[in-house]
Amino acid sequence: MNSIESSSADQKHEVPRDFSGAVALVKSLIETRTFRKEKLELNAIKVALDLIGETIASPSGSFERLEGVSILGKAAEVSVPISKEVGPILQNVLELELPQTGEWGNANDRKYLAKGIEFSTAHWIGRYAAVELARSDIAEKLARDAWAGLAMGHAENLADLLREIARALTEQLSQYGNPADLTYRKLMRISEALATSLPTADLPPGDGFGKAFSLLVRPAGGSKGTETKRLREEAAIKVLDFLLQILRLRFESIYDPDFYRAVGAIRGWWSPARPPKEVEQIADRIAVLAVRGLHFWARQGIKSKAVRLAMVGGLGAARVNTIAGGVVSADPSLTPEISNWLATGQELPEIQSNDSVKAINEHNLDELLARLLLAINNQDGGARALTVAAQIIEAFEPTQAATLRASAGRLELIEQWAAAIGRMRNLEVQGLAGEVVQYDPAIHDIASVAQLGLPVRIVTPSVVKVADRRASIIIVKAIVEEK
């Protein structure tokens, strides 16, 4: 057929007089794959799109509004030019909230309804999509994914979204008498749909996220019969996988105690028995991420006690303590107090001691350090003496000289560290070996009998502890001899 014949054929479309005729015309073009860009210039098509738009914008609760959005959503999938034409129409006519689908349409109709609503930014869309996601049929995967994307794209946070889904799901299940098999299947499908949209959604967890998730899984809490054993396990795996994904993508949810209570509620589906191995494996992975979060704050000296307590309640004390113990053993930078709390959840017992015992221990430590300072202060030995000896013998014993020089270097480091410790304890060496002073039995030790004030020579200096605004305390007396 040449272009003249094609143009002539296009003119044969009758101008629709009502909504039904407009829908029929657009449907026929889509089904025959003749809805091309040039068709948009035809008067019949323009009238049809106007009629559909007017019906969608009407304040009635008619299902015709749903049909109109669905057919335009389907038309938008035909080509980019068609999408550019119907997109603004949908954006302008969707100010008023649509009626919920209920029993309207089939799976394809509801899928394209969601596609059509995607063009709008109206305030009601987030709540509407959340309700449709909760009520969607088990087999409607494409529509469900579209509703999940819409709901996440218009919600302020995950907590609000989950509360709306939980409310709609509870209402629907109560209408059917809360059947266990339907409950588990619904939870699986909802978790899968939300998990698909979560990676690309810029949506924070929000306040009360853990409580909202608990509301979502609550309808399955009492369904523990053997007839639902397989479905219960599959649902738990899907829901826990979604929670694990949230932990990875929304790190702040790690510090929500209610998050772990939600995990505990799912594991409680088997109470008092233990959940299956596959379910516990996912719980292990959640626990690993959770303990890493506690460890992050513990390294800053912060104890998230409420979070750890909730982790133990939801995941089990043995699991949390085992994982935390491994983390603690691999991180020597943690203080003993923080390490013990992270690994066991318990505080270290306070060491009971009285002031007198503490003072004695402090004095004994100071005396040991004082002896060390005097040992390294000996002018007859030490690093300097070894260095001089190495220089003397280097000409005829170079190997031994090198050994002495290396020993001198190590000894010099020891002297530096000892001096640093002494400064930390406010210890000072007073006096010089060979210095002549007046004998005072309060600060000097002498082997012979000497009178007070007698000139004596210092053999070994004294060590004192310098105290602010107080007299210095003698730790080790100076050893002297008669001049």
Side-chain angles (χ1 to χ4, degrees), residues 332-333 335-337 348 350-483:
S333 68
T335 64
E337 181 186 6
L348 276 177
E350 294 185 3
I351 300 175
Q352 302 295 325
S353 61
N354 55 44
D355 292 339
S356 60
V357 172
K358 182 178 180 180
I360 292 172
N361 291 336
E362 290 286 323
H363 181 78
N364 290 338
L365 176 60
D366 286 338
E367 185 173 353
L368 289 174
L369 289 174
R371 300 292 182 190
L372 177 62
L373 291 175
L374 291 175
I376 66 174
N377 193 58
N378 187 355
Q379 300 298 319
D380 295 333
R384 184 177 301 176
L386 289 178
T387 302
V388 172
Q391 293 173 349
I392 294 173
I393 67 172
E394 187 172 15
F396 52 89
E397 291 289 351
T399 302
Q400 286 76 4
T403 301
L404 286 177
R405 192 172 286 107
S407 299
R410 287 192 292 271
L411 186 55
E412 185 176 3
L413 286 176
I414 294 173
E415 293 174 354
Q416 291 174 0
W417 281 109
I421 296 172
R423 287 193 296 272
M424 290 177 62
R425 301 288 300 179
N426 296 321
L427 299 179
E428 290 184 2
V429 177
Q430 288 192 347
L432 295 172
E435 182 181 359
V436 177
V437 296
Q438 291 183 336
Y439 175 70
D440 183 349
I443 60 175
H444 297 146
D445 276 338
I446 190 169
S448 59
V449 179
Q451 295 181 352
L452 180 66
L454 180 72
V456 291
R457 181 180 294 105
I458 296 177
V459 178
T460 303
S462 63
V463 178
V464 300
K465 188 178 184 71
V466 180
D468 292 338
R469 300 180 182 179
R470 289 186 300 172
S472 298
I473 301 172
I474 298 175
I475 304 299
V476 175
K477 292 182 179 182
I479 298 175
V480 297
E481 62 183 5
E482 293 184 11
K483 182 180 176 184

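Computed from a prediction, not measured in an experiment: that's the story for all the values here. Computed from heavy atoms alone, side chains included, the values below leave out hydrogens, waters and symmetry copies.
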* Structure fact -> side-chain hydrogen bond (donor to acceptor under 3.5 Å, both in side chains) filter on E337, not counting sequence neighbours, yields K303
* Asked: Residues two or more places apart in sequence or in another chain: which of them pass salt bridge (Lys or Arg N to Asp or Glu O under 4.0 Å) with R425?
  -> E362, D366
* Are the side chains of V464 and I475 in touch, meaning some heavy atoms are under 4.5 Å apart? -> no
* Does Q400 reach the side chain of I393, with side-chain heavy atoms less than 4.5 Å apart? -> yes
* Rounded distance (nearest 0.5 Å) linking atom CE of M424 with atom CG of L369 -> 10.0 Å
* To the nearest 0.5 Å, what is the distance between OG1 (T460) and CD (E481)? -> 9.5 Å
* To do: Could you walk me through whether Q430 and S462 pass side chain to side chain contact (heavy atoms under 4.5 Å, CB included), step by step?
  => CA-CA 5 Å; Q430 288 192 347; S462 63; 3.8 Å; yes
* Structure fact -> Heavy-atom closest pair (L374 atom, P461 atom, distance to 0.1 Å) is CD2-O, 3.3 Å
* Asked: Are side-chain heavy atoms of L427 and L373 found at a separation under 4.5 Å?
  -> yes
* Residues in side-chain hydrogen bond (donor to acceptor under 3.5 Å, both in side chains) contact with E482, at least two apart in sequence or another chain -> S448
With a 3.5 Å cut-off and sequence neighbours excluded, list the donor-acceptor pairs that the side chains of residues 434-445 form with protein atoms.
{"unit_1": "E435", "atom_1": "OE1", "unit_2": "L432", "atom_2": "N", "d": "3.1"}
{"unit_1": "D440", "atom_1": "OD1", "unit_2": "A442", "atom_2": "N", "d": "3.0"}
{"unit_1": "H444", "atom_1": "ND1", "unit_2": "D440", "atom_2": "N", "d": "3.1"}

* To do: With sequence neighbours left out, write down each residue that passes side-chain hydrogen bond (donor to acceptor under 3.5 Å, both in side chains) with R457, or none if nothing qualifies.
  => none
* Partner residues of T399 under the side-chain hydrogen bond (donor to acceptor under 3.5 Å, both in side chains) criterion, sequence neighbours left out -> none
* Asked: V476 and A370: which non-hydrogen atoms are nearest, and at how many Å?
  -> CG2-CB, 3.6 Å
